[in-house]
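For reference, the structure is listed below as structure tokens.
Remember, predicted model here, so these are calculated numbers, not experimental data. Both counts, for ligands and for their atoms, begin at 1 and track the order of listing. Below, all heavy atoms of this structure are taken into account, side chains as well, without hydrogens, waters or symmetry copies.
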Amino acid sequence: MNAIVPKTRKLHVVTHGCQMNVYDSARMADVLAPLGYTTVDTPEGADMVIMNTCHIRERAADKVFSALGRLRDLKEAGGSKMMIAVTGCVAQAEGDLLLRRAPYVDLVVGPQAYHRLPELIARVHREKKSVLDTDFPADQKFDFLPDAAAFQGVIANLTIQEGCDKFCSFCVVPYTRGAEVSRPAASIIAEAKRMVAQGTREVVLLGQNVNAYHGQGPDGTIWNLARLLLALSEVPELRRLRYTTSHPSDMGEELILAHRDNPALMPFLHLPVQSGSDRMLAAMNRKHKADDFRRIVAKLRDVRPDMAFTSDFIIGHPGETDADFAATMKLVRETGFALAYSFNYSPRPGTPAAGLPQVPDEVKNARLYELQAELRRQQDAFNAATVGLSTPVLFTGLGRHPGQIAGRSLYAQPVVVDSTAPLTGEVHTVKITYANPNSLLGTLTTTKETIAA
Ligand code: SAM
Ligand code: SF4
């Protein structure tokens, strides 16, 4: 008997925002694959375009409307056959407005409803009108996403926790992603094993508050992130583990010690502090003080001396004075970051800080400029310090130029080597010879696998 082969259709996915959106985009493609959708690199000629959006700052949300305008032109040029779907946090937060401003959008789907995409697409065809699904359904999307997934690469993301219960004054995440939910450990381990079978060697565990992870363990107890990382480190051929994004309040003792005891865990942590001023941290409802952050950094450096840190900073949150900003600069100088992301505060509709008197733009801009100059200096110094060192690199594929291969250091720095050796998926020692602003160059010192990495 012949199996029914679905008609081939072209799917183009545009991803804005965080790594969690990158992961979600890949999972949406997996959900649609059984319907015959294969991904293509450009929207021209696509049967369906998904725009997976970010609402974290105003500029990110604005990008959606300008990009949608371009898609409308393509849709009209193709006789309106292209289906346009908007997903992600803008869909969740502004779904109704979106359909009013862009009525040519066929489908608006919030982050909790991706597993329902096939049924929603069928509804658009059946009802011949736009469909919106921004519910927080009782059924957990992770229980309904398909097991079969496309290969994401030697380094791949894996979402283990979603949503947030912390309600920082500036942040839309608790409203767009909903309450904090942890996936059961067994389904995460099974997914990691499938990824490794496809060639993945480094897994980045994702969550808005990934270190608040508290999922059901296979033994019936609740596992924290340290326990989950231990189980994942036992997956054969899974060489490296990272996790992001962490909240300082959830950085428990066991997790700190995991950086000493778990050989797969990289000595690198993204730990957003947002501000160095306790007054601002209280105004932000962060539930930690600047000294809590200092203590965590010191403990981690104590148990793992080669530990390096990245962070996020918000400049010009309502109420921020020159003294508050000076406290942030002090914390930055004392800590010494490998890299950090910094943003001007952007008022988000519906969040507590949006209604407060705002810091003038020129003040924010001047402070951000000063902070970013210091962070750039620290990043350059961190990269320059690697020159002359021999360090383990996980090779991920070919470099941008012929005759080059590329990989990642322990600190996720891109490393490029002149070689044509087929080393993808392997860890080898590289002597770093030159530091560019955002990548390193080096030479292979051995093509024998480096064990301790
Ligand atoms: N859960 C993480 C934490 O607690 O730090 C942060 C996740 S958030 C998606 C990523 C970063 O966006 C934040 O760390 C913050 O620096 C920045 N961010 C969030 N809301 C913002 C806003 N309204 N304006 C500017 N930056 C913002
Ligand atoms: Fe947003 Fe992170 Fe605060 Fe949650 S903890 S509200 S995700 S900044």
Side-chain angles (χ1 to χ4, degrees), residues 15-24 52-63 88-90 92-93 111 157 159-182 204-213 225 243-251 269-277 280-290 292-293 296 309-320 328 331-332 337 339-356 358-359 361 364-365 367-368 371-372 375:
T15 308
H16 296 174
C18 62
Q19 276 166 292
M20 194 166 279
N21 269 7
V22 175
Y23 176 84
D24 284 346
N52 196 9
T53 61
C54 172
H55 200 247
I56 201 82
R57 283 170 290 276
E58 194 178 359
R59 202 178 296 169
D62 284 349
K63 269 205 222 158
C89 291
V90 175
Q92 186 66 42
N157 297 323
T159 294
I160 64 164
Q161 175 275 341
E162 202 171 356
C164 181
D165 297 339
K166 294 225 163 32
F167 291 92
C168 297
S169 62
F170 50 82
C171 184
V172 288
V173 168
Y175 312 95
T176 57
R177 294 272 174 171
E180 203 180 280
V181 177
S182 294
V204 185
L205 304 180
L206 299 182
Q208 265 93 21
N209 260 312
V210 74
N211 58 340
Y213 176 82
L225 182 59
Y243 56 93
T244 196
T245 295
S246 295
H247 191 288
S249 306
D250 294 313
M251 210 61 221
L269 178 64
H270 182 60
L271 189 61
V273 62
Q274 313 298 355
S275 172
S277 152
M280 275 300 100
L281 290 170
M284 290 176 173
N285 193 29
R286 286 291 290 179
K287 305 179 178 84
H288 63 83
K289 297 199 164 166
D292 296 324
F293 179 82
I296 296 165
F309 296 88
T310 74
S311 196
D312 291 342
F313 293 90
I314 293 188
I315 293 306
H317 181 277
E320 187 187 71
T328 297
L331 180 86
V332 168
F337 290 98
L339 175 85
Y341 305 93
S342 49
F343 317 96
N344 271 344
Y345 168 71
S346 167
R348 306 312 294 128
T351 59
L356 299 174
Q358 299 295 311
V359 174
D361 279 350
K364 284 197 242 182
N365 290 340
R367 289 178 187 161
L368 187 67
L371 172 67
Q372 290 187 337
L375 291 171

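Counting only distance, with no hydrogens or angles, the side chain of S346 and the backbone of E58 share a donor-acceptor pair below 3.5 Å. Put simply, the side chain of N21 gets close to the backbone of H16: a donor and an acceptor are under 3.5 Å apart. Without hydrogens or angle criteria, N211 side chain to S246 main chain gives no donor-acceptor distance under 3.5 Å. Remark: side-chain polar atoms of Q208 are paired, donor with acceptor, to backbone N or O of G163 under 3.5 angstrom. T176 contributes no side-chain N or O that, together with a main-chain N or O of A93, makes up a donor-acceptor pair within less than 3.5 Å.
Note: no N/O pair closer than 3.5 Å links N209 and ligand 1 by distance alone. Inclusion of R348 in the set of residues having an N or O under 3.5 Å from an N or O of ligand 1 is not warranted. Considering backbone and side-chain N/O of S346, one or more are found under 3.5 Å from N/O of ligand 1. Not one N or O of S246 is nearer than 3.5 Å to an N or O of ligand 1, by distance alone. Geometrically, ligand 1 and Q208 share a nitrogen or oxygen pair separated by less than 3.5 Å. For ligand 1, the polar-atom distance check finds an N/O of D312 within less than 3.5 Å of one of the ligand's N/O atoms. Note: no N/O pair closer than 3.5 Å links V173 and ligand 1 by distance alone.
In this structure, R286 counts as a contact residue of ligand 1, since one of its heavy atoms falls inside 4.0 Å of the ligand. Residue N344 places a heavy atom less than 4.0 Å from ligand 1.
Taking a cut-off of under 4.0 Å to the non-hydrogen atoms of I314, the atoms of ligand 1 that pass are 15 (C), 16 (O), 18 (N), 21 (C), 26 (N), 27 (C). Less than 4.0 angstrom separates some heavy atom of F167 from each of these atoms of ligand 2: 6 (S). Every atom of ligand 2 is numbered from 1 in the order shown, and the set under 4.0 Å from a heavy atom of H247 is 5 (S). Near T245, the atoms of ligand 1 lying under 4.0 angstrom from a non-hydrogen atom of the residue are 2 (C).
At a threshold of 4.5 Å between non-hydrogen side-chain atoms, the residues F170 and M284 count as touching. Between C171 and I56, some side-chain heavy-atom pair lies under the 4.5 Å cut-off. Two residues are said to be in side-chain contact when any heavy atoms from C-beta on lie closer than 4.5 Å; L205 and Y213 fail this criterion.
Using a 4.0 Å cut-off between heavy atoms, F170 contacts ligand 2 through its side chain alone, with no backbone atom that close. With a 4.0 Å cut-off on non-hydrogen atoms, P174 touches ligand 2 through its side chain and not its backbone. Contacts of N209 with ligand 2, taken as heavy-atom pairs under 4.0 Å, involve the side chain alone.
Atom NZ of K289 has 12 or fewer neighbouring heavy atoms from other residues, nucleotides or ligands inside a 6.0 Å radius.
Checking each of V210, T310, L339 against H270 for a side-chain contact (heavy atoms from CB on, under 4.5 Å) leaves exactly one that passes, namely T310.
Looking only at protein heavy atoms, the nearest one to atom 20 (N) of ligand 1 is F170 CD1, 3.3 Å. The protein non-hydrogen atom at the shortest distance from atom 1 (Fe) of ligand 2 is C171 SG, 2.3 Å. Scanning the protein heavy atoms around atom 3 (Fe) of ligand 2, the nearest turns out to be C168 SG, 2.3 Å. Nearest non-hydrogen protein atom to atom 19 (C) of ligand 1 is I56 CG1, 3.4 Å. Atom 4 (Fe) of ligand 2 has its closest protein heavy atom at C164 SG, 2.2 Å.
Distance check for atom 7 (C) of ligand 1: every protein heavy atom is found at 4.0 Å or beyond.
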*What do the steps show when you test Y345 against I314 for side-chain contact (heavy atoms from CB on, under 4.5 Å), and what is the final call?*
CA-CA 6 Å; Y345 168 71; I314 293 188; 3.7 Å; yes
*Take K166 and N209 through the test side-chain contact (heavy atoms from CB on, under 4.5 Å) and record every step on the way to the result.*
CA-CA 9 Å; K166 294 225 163 32; N209 260 312; 3.8 Å; yes
*Assess whether side-chain contact (heavy atoms from CB on, under 4.5 Å) is satisfied between L371 and F313, documenting all intermediate values.*
CA-CA 9 Å; L371 172 67; F313 293 90; 3.8 Å; yes
*Between L225 and I160, does a side-chain contact (heavy atoms from CB on, under 4.5 Å) hold up when you go through it step by step?*
CA-CA 10 Å; L225 182 59; I160 64 164; 3.7 Å; yes
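For the residues H247, Q274, K166, K287, the heavy atom positioned nearest atom 5 (O) of ligand 1 is part of Q274. Summarising the contacts of atom 17 (C) of ligand 1 with H288, H317, R57, the nearest heavy atom is found in R57. Checking R177, M284, R286, K166 against atom 2 (Fe) of ligand 2, the nearest heavy atom belongs to R286.
A centroid separation of less than 6.0 Å is found between the aromatic rings of F167 and Y175.
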